[in-house]
Amino acid sequence: MSQQHREISISEFFTKNRHLLGFDNASRALLTSVKEDVDNSLDACEEAGILPDIKVVLQQTKDNRYRMTVEDNGPGIVKASLPKVFGKLLYGSKFHRMRQSRGQQGIGISAAGMYGQLTTGQPVHVISKTGKGRKAYQLDIRIDTAGNKPVILNEEEAEWSDKHHGTAVSIEMEASYKGGKRSIDEFLQDVAFANPHLRLEYWPPNKKPIVYPRVSDELPPETKEIKPHPYGVELGLMMRM
């Protein structure tokens with residue numbers, strides 16, 4: 001019996017328990033993927049002091065397949081970090097900070113890529129550029145779920161002359177799209193209303209694009225990191241500190 005014991009990677013665990021991450025059905029999977037990517041784009045832009053300009057495109061490729069693409073004008077991601085950000089669960093920069101942000105665990109967008117890989121076999125396609133005059137790189141990334149590590153299938157320079165910096169992520173997945181209440185349409189409308197400093201361009205499948213213009217040029221105040229409160233620190237955490 002002991003010979004059957006082995007370590008379980010976090011990716012392998014969530015492959016079998018994807019409902020814990022919001023990928024329990026086809027319609028919710030698409031909404032969760034869009035939410036995670038838009039949250040990441042907003043966090044990146046605000047942290048870099050950039051007024052966010054986000055484009056969301058949903059393209060139907062087959063009866064039950066959609067390709068989600070989210071493009072932003074954020075600071076971009078350096079080439080060395082791209083595989084881990086999109087191909088490794090629990091990899092991020094926000095978990096250990098004691099300050100508010102939309103994303104926290106470093107699991108959302110990589111989980112969306114894992115779901116796409118699981119249902120369609122297609123890798124995550126990423127393009128990123130970190131500054132004017134710098135090269136843009138595009139990668140096709142697959143997740144090795146047994147080891148929770150990225151596998152780069154293709155890596156090359158990309159032409160992205162219309163942007164000085166930013167990131168675009170494309171994931172094809174098994175999903176279903178429905179408009180109306182509690183849908184992607186309503187979610188993105190709420191995001192645009194709650195973030196007046198955001199310009200959002202949304203291309204729903206087989207419909208005309210919707211543009212939510214920026215109505216404020218003022219970024220929200222930067223969140224401040226806090227210290228733990230004495231009454232909120234458990235004994236084990238205090239011993240570790």
Side-chain angles (χ1 to χ4, degrees), residues 8-44 54-72 83-92 102-127 139-146 148 150-151 153 167-192 200-207 209-210:
I8 303 169
S9 80
I10 188 71
S11 299
E12 197 172 14
F13 173 79
F14 280 121
T15 297
K16 294 184 178 181
N17 298 278
R18 59 192 184 191
H19 61 281
L20 299 175
L21 300 176
F23 297 93
D24 47 343
N25 61 65
S27 59
R28 191 179 174 196
L30 191 59
L31 174 59
T32 300
S33 300
V34 170
K35 177 191 178 301
E36 295 295 344
D37 211 343
V38 169
D39 283 352
N40 285 352
S41 294
L42 283 170
D43 278 343
I54 300 175
K55 181 179 180 181
V56 179
V57 180
L58 300 180
Q59 179 184 4
Q60 187 171 9
T61 56
K62 292 183 180 179
D63 287 344
N64 62 340
R65 278 196 188 186
Y66 289 84
R67 179 180 291 111
M68 174 206 77
T69 302
V70 178
E71 180 181 320
D72 64 46
K84 292 182 179 179
V85 170
F86 297 98
K88 184 180 179 70
L89 271 67
L90 293 180
Y91 181 86
R102 296 176 184 85
Q104 194 73 36
Q105 284 80 25
I107 204 170
I109 192 60
S110 52
M114 185 182 71
Y115 173 80
Q117 175 183 311
L118 187 65
T119 56
T120 68
Q122 298 299 312
V124 178
H125 182 73
V126 186
I127 305 176
L139 288 81
D140 291 319
I141 303 166
R142 184 173 62 84
I143 301 176
D144 176 3
T145 55
N148 188 32
V151 177
L153 303 179
T167 302
V169 184
S170 183
I171 302 172
E172 186 171 351
M173 66 186 72
E174 187 178 292
S176 66
Y177 166 80
K178 295 178 182 179
K181 290 288 186 180
R182 304 185 69 179
S183 67
I184 296 175
D185 299 1
E186 186 179 57
F187 166 72
L188 291 177
Q189 183 183 60
D190 290 345
V191 168
L200 178 63
E201 185 177 337
Y202 172 42
W203 292 69
N206 306 316
K207 295 180 183 179
I210 304 168

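In this chain, numbering begins with 1 at the start of the sequence shown. All values derive from a computational prediction rather than experimental measurement.
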Whether Y66 side chain and I171 backbone form a donor-acceptor pair below 3.5 Å: no

[atom1]/[X] to [atom2]/[Y] distance, rounded to the nearest 0.5 angstrom?
| X | Y | atom1 | atom2 | result |
| --- | --- | --- | --- | --- |
| I54 | E71 | CD1 | CD | 10.5 Å |
| I141 | K84 | CD1 | NZ | 12.5 Å |
| T69 | E172 | OG1 | CD | 10.0 Å |
| I184 | L58 | CD1 | CG | 5.0 Å |
| I109 | E36 | CD1 | CD | 7.5 Å |
| S176 | L31 | OG | CG | 10.5 Å |

Considering all heavy atoms, the nearest L30-M68 contact: CD1-CB, 4.4 Å

Would you say the side chain of [Y] lies within less than 4.5 Å of the side chain of [X], judging by non-hydrogen atoms?
| X | Y | value |
| --- | --- | --- |
| D185 | K207 | yes |
| D37 | S41 | yes |
| R67 | S170 | yes |
| Y177 | Q60 | no |
| T167 | F86 | yes |
| I210 | L188 | no |

